[in-house]
Number of protein chains: 2
Amino acid sequence: MSMDAVFRALADPTRRQLLDSLHARNGQTLNALCEHMDMTRQAVTKHLAILEGANLVTTMRRGREKEHYLNPVPINEIAERWIGKFERHRLSALSDLKQRLEREEP
Amino acid sequence: MSMDAVFRALADPTRRQLLDSLHARNGQTLNALCEHMDMTRQAVTKHLAILEGANLVTTMRRGREKEHYLNPVPINEIAERWIGKFERHRLSALSDLKQRLEREEP
DNA sequence: TTAATATGCAACCATTTGGTTGCATGTCAA
DNA sequence: TTGACATGCAACCAAATGGTTGCATATTAA
């Protein structure tokens, strides 16, 4: 569960759209997911493989179909372990920046 | 302030490292930032330009030096507008996934 | 003024990325 | 069983990405 894989997976708008789609309706098959996308099935498959590699999506074969489930845990971990760090010092960093900018034109 | 630019800027480990470095010590010059990095100054410049384009870093010329300041606002916006959405349904999505998995082997 | 320092600009290159097409495999239903 | 349907695999391609080198410009300090 490398954090880098999660960040890189989230970098592409198509993949974020896929996560959105699963967020709206969980457990969609590959074909169902493809219907909203303006690209070939194979391209969507590649994106889903990247999301799966980042552990953001879990799949399950049911007969000849493959169901896709959203796994929100990695997103949550990024929020807690990485974003939280910056959020904590948000106000101090901002005031620091403002002070410097005001010092610019005396 | 497109969210896509922020996501793509955060996708690269070098750029996250630069944000970390600024988080540790705000207002560093280009040369100061380069000292921790194992690449040429020009490569670092490009990364900083991308961070600046995503509004994650603000720069200020002071004499012949250029100071770099962290702007945590875009990170915060992503946390609130995008990550929050998934976080809210975190538990329900997880239990949903578990239910499906348990249904698998009756 | 001149030399050293800090940064900017541009061309170039290898690799990665995001997409395609073509075909193969596996499963359901008539 | 056979045809239709859902997915998998692989080769290929253009464009973006991350890095380099070489040189230009601007500012400080001796």
Side-chain angles (χ1 to χ4, degrees), chain A residues 2-22 25-54 56-70 100 103-105, chain B residues 2-22 25-54 56-70 100 103-105:
Chain A
S2 99
M3 203 165 65
D4 188 64
V6 180
F7 271 114
R8 269 188 295 120
L10 294 180
D12 187 90
T14 300
R15 291 194 285 271
R16 292 197 302 275
Q17 195 183 337
L18 284 168
L19 292 181
D20 280 339
S21 184
L22 287 178
R25 193 155 61 91
N26 211 3
Q28 290 182 72
T29 67
L30 173 59
N31 260 352
L33 286 168
C34 284
E35 278 174 11
H36 317 307
M37 304 292 160
D38 195 24
M39 61 185 66
T40 62
R41 174 179 55 83
Q42 287 82 350
V44 176
T45 302
K46 283 191 186 180
H47 284 298
L48 287 170
I50 291 173
L51 289 171
E52 215 180 328
L56 284 162
V57 161
T58 304
T59 64
M60 207 167 57
R61 205 59 196 259
R62 193 175 305 281
R64 64 179 162 180
E65 296 185 338
K66 192 176 185 182
E67 296 175 345
H68 296 76
Y69 293 94
L70 176 66
R100 299 267 181 167
R103 247 205 303 136
E104 189 66 344
E105 302 177 59
Chain B
S2 99
M3 203 164 67
D4 187 64
V6 180
F7 271 114
R8 270 188 295 122
L10 294 179
D12 187 273
T14 301
R15 291 194 284 271
R16 293 197 302 275
Q17 195 183 336
L18 285 168
L19 292 181
D20 280 340
S21 185
L22 287 178
R25 192 154 62 90
N26 212 2
Q28 291 182 72
T29 67
L30 173 59
N31 260 352
L33 286 168
C34 284
E35 279 175 9
H36 318 307
M37 303 294 159
D38 196 24
M39 62 185 66
T40 61
R41 174 179 55 83
Q42 287 80 350
V44 175
T45 302
K46 283 191 186 180
H47 284 299
L48 287 170
I50 291 174
L51 289 171
E52 216 179 327
L56 284 161
V57 162
T58 304
T59 64
M60 208 167 54
R61 208 57 199 260
R62 194 180 299 283
R64 65 179 161 183
E65 296 185 338
K66 193 176 186 180
E67 298 176 343
H68 296 76
Y69 294 92
L70 177 65
R100 298 269 180 165
R103 249 208 298 138
E104 190 65 344
E105 303 175 58

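Here is the naming used below: chain letters follow the sequence lines, and residue numbers restart at 1 for every chain.
- OP1 or OP2 of dT5(C) has not a single side-chain nitrogen or oxygen of Asn31(B) nearer than 4.0 Å.
- Between Arg15(B) and dG18(D) there is a side-chain N or O to OP1 or OP2 distance below 4.0 Å.
- Distance Lys66(B) NZ to dA26(D) P: 15 Å, rounded to the nearest Å.
- If you measure from atom CZ of Arg64(B) to atom C1' of dA4(C), you get 7 Å, rounded to the nearest angstrom.
- Taking atom CE on Met39(B) and atom P on dT20(D), their separation rounds to 7 Å, with Å as the unit.
- In terms of phosphate contacts, Thr40(B) brings a side-chain nitrogen or oxygen within less than 4.0 Å of OP1 or OP2 of dT20(D).
- Closest to the side chain of His47(A), out of dG18(C), dG19(C), dT7(D), is dG19(C).
- Remark: Arg8(B) is in phosphate contact with dT17(D), judged by side-chain N or O atoms under 4.0 Å from OP1 or OP2.
- Along DNA chain C, the nucleotide nearest to His68(B) and the one nearest to Ala11(A) differ in position, and the one closer to the 5' end is contacted by His68(B).
- Remark: side-chain polar atoms of Ser21(A) are not paired, donor with acceptor, to backbone N or O of Gln17(A) under 3.5 angstrom.
- The CZ atom of Arg61(B) sits 5 Å away from the P atom of dG8(C) (whole-angstrom rounding).
- Rounded to an integer number of Å, the gap from CD of Gln42(A) to P of dG22(C) is 11 Å.
- In this structure, Arg15(B) contributes its side chain and Arg8(B) its backbone to a donor-acceptor pair below 3.5 Å.
- Across Glu52(A) and Val57(A), no two heavy atoms sit closer than the pair CG-O, 3.2 Å.
- With contacts defined as side-chain heavy-atom distances shorter than 4.5 Å, the pair Met39(B)/His47(B) qualifies.
- In this structure, Arg41(A) places its CZ atom 14 Å from P of dC23(C), rounding to the nearest Å.
- Per the geometry, CG belonging to Asp12(A) stands 13 Å off P belonging to dA16(D), to the nearest Å.
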Between Thr59(A) and Leu30(A), is the side chain to side chain contact (heavy atoms under 4.5 Å, CB included) condition met? List the steps.
CA-CA 10 Å; Thr59(A) 64; Leu30(A) 173 59; over 6 Å; no
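- Straight-line distance from the CG atom of Leu30(B) to the P atom of dT27(D): 16 Å, rounded to whole Å.
- Contact annotation: Lys46(B) does not reach the phosphate of dT20(D) (side-chain N/O to OP1 or OP2, under 4.0 Å).
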